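Have a look at the structure below before the remarks.
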Amino acid sequence: MAKRKVRRRAEKILGAEPAALVWCSLPRAIPKPPKEVHRAAGKGPLRKRRHWLFYVGAVVFCFVGAVVLLLDLLESLFDRMLGIKEPDERRTSSGDAEPRPSSSGRAGGGGVFDGDWNLTAGQWLLRWYSQAPSQRRLVLLDGDRVRVAASPRRRLMETRAADFRIIATFTPDEARIEADAAQRRALASFRIRFADGSWLVLGDLDTSKDADHFLNTALSDD
C-alpha cells in the first residue's frame, strides 16, 4: 500500500484525496520509431538512463570477454598446429547450414501501444523519458479525470516518493481507463484509451491493495 507520504503529496497536489492511485510502467521497451517522427518530437530518449555501475560492469565484462576470446583463439591455433580438426558445422538433411530463427521484431506497437506514432499515445511515448527519467508513473483517478504523475528522480522508491508532479491530466472526453476484470492481479495491466482511438498499455502494477482498488474503481466507473 502506498505510504502516507505518497497519499499526502497526491492530496496536496489535487486539493482532495484521489479516488484511486497506482504505480505502473510500460510492459515492454518503447518500439523504435521512424527517424523523421523521432526527430520531429525532439529526439528525446527512448529508454531509461543506466546507472554508472552498469557501464562499469559492461567494461569489466568486455575485458573478460576479450581475454576469453584470446585464449580460445590461441587454443584453436595450437590445435591446427597439432593437426587436430574441429567438428564440422551442423547441417540439415539438405546439406545446408541449419537455418537461424527469424530476428524480425513485432509489428505495430509491439504490444505497448496501437502503433500509430502520430496519434496521442505514440506522441506521448516519444516524450516518455523526457518528462521523467524513471520508467515508473503514478496514475491517479481524480473524480472523472485521469491524471498521470512522475518523479524527477532517476531512482525511485515508490512507497516513499513525495516529489512527484502531475505531468498529464485527461478529462473523460480525452481519455478513459480500460481493463479486463477477469485478469490475474499479479499480471494485471490496463489501457489508457484516448479520444483519437489510440491506446497505451501500462502494467507492472503494485502487487498490493492499490492495484486491486485502482482496477475496481476504474471498472466501476465504466
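For clarity, every value in this text was computed on a predicted model and none was experimentally measured.
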- For Trp124 and Ala168, which heavy atoms make the closest approach, and how far apart are they? CZ2-CB, 4.1 Å

- Query: Okay, side chain of Glu11, backbone of Pro18: is any donor-acceptor separation there less than 3.5 Å?
  - Reply: no

- Query: At their closest point, which heavy atom of Pro45 faces which heavy atom of Ser130, and how far apart are they?
  - Reply: CD-OG, 3.6 Å

- Should the ring pair Phe190 and Phe214 be called parallel, tilted or perpendicular, given that the plane angle runs from 0 to 90° and is split at 30 and 60? tilted

- Item | Side-chain ion pair, Asp180 and Arg191, N-O less than 4.0 Å | no

- Query: What are the two closest non-hydrogen atoms of Ala150 and Arg137, and how far apart are they?
  - Reply: CB-CD, 3.7 Å

- Supply the atom-to-atom distance Leu138 CG to Arg9 CZ, rounded to the nearest 0.5 angstrom. 11.0 Å

- Query: Are there more than 12 heavy atoms of other residues, nucleotides or ligands under 6.0 Å from atom CZ of Arg145?
  - Reply: no

- Message: When you group the ILVMFWY residues by side-chain heavy-atom contacts below 4.5 Å and let the links chain together, are Val201 and Val22 in the same group?
- Response: no

- Nearest heavy-atom pair of Phe164 and Ala10: which atoms, and what distance? CZ-N, 3.7 Å

- Task: Give the minimum heavy-atom separation between Asp114 and Ser198, together with the two atoms involved.
- Result: OD1-CB, 3.1 Å

- Message: What's the separation between atom CG in Leu202 and atom CD in Gln135, rounded to the nearest 0.5 Å?
- Response: 11.0 Å

- List the steps and the verdict of side-chain contact (heavy atoms from CB on, under 4.5 Å) for Ile166 and Val148. CA-CA 6 Å; Ile166 302 296; Val148 182; over 6 Å; no

- Task: May I ask you to test the Lys209-Asp212 pair for a side-chain heavy-atom distance under 4.5 Å?
- Result: no

- Message: Could you check whether any side-chain N or O of Asp196 sits under 3.5 Å from a backbone N or O of Thr120, counting only pairs where one atom can act as donor and the other as acceptor?
- Response: yes

- Which is it for Phe194 and Leu119 under the side-chain contact (heavy atoms from CB on, under 4.5 Å) test, yes or no, and what are the steps along the way? CA-CA 9 Å; Phe194 300 98; Leu119 298 182; over 6 Å; no

- Find out if a path of hydrophobic residues (ILVMFWY) with successive side-chain heavy-atom gaps under 4.5 Å connects Leu200 to Val37. yes

- Could you check if a side-chain atom of Trp23 sits within less than 4.5 angstrom of a side-chain atom of Asp210, using non-hydrogen atoms only? no

- Step by step, would you call Leu205 with Leu215 a side-chain contact (heavy atoms from CB on, under 4.5 Å)? CA-CA 10 Å; Leu205 310 187; Leu215 292 175; 4.1 Å; yes

- Query: Does the side chain of Ile30 reach to within under 4.5 Å of the side chain of Val112, using non-hydrogen atoms?
  - Reply: no

- Task: Output the distance between atom CG (Leu126) and atom NZ (Lys43), rounded to the nearest 0.5 Å.
- Result: 13.0 Å

- Note on the structure: What one should report as the nearest heavy-atom pair of Leu219 and Ala179 is CD2-O, 3.3 Å

- If you measure from CG on Asp204 to CZ on Arg28, what distance do you get to the nearest 0.5 Å? 12.5 Å

- Message: I'd like to know if the side chain of His213 and the backbone of Leu21 have a donor-acceptor N/O pair within less than 3.5 Å.
- Response: no

- Query: side-chain contact (heavy atoms from CB on, under 4.5 Å) between Phe170 and Arg176: does it pass, once the steps are laid out?
  - Reply: CA-CA 8 Å; Phe170 302 104; Arg176 68 178 187 275; over 6 Å; no

- Query: Is there a side-chain contact between Leu46 and Leu125, using heavy atoms and a 4.5 Å cut-off?
  - Reply: no

- Tell me, do Ile177 and Ile192 make a side-chain contact under 4.5 Å, heavy atoms counted? yes

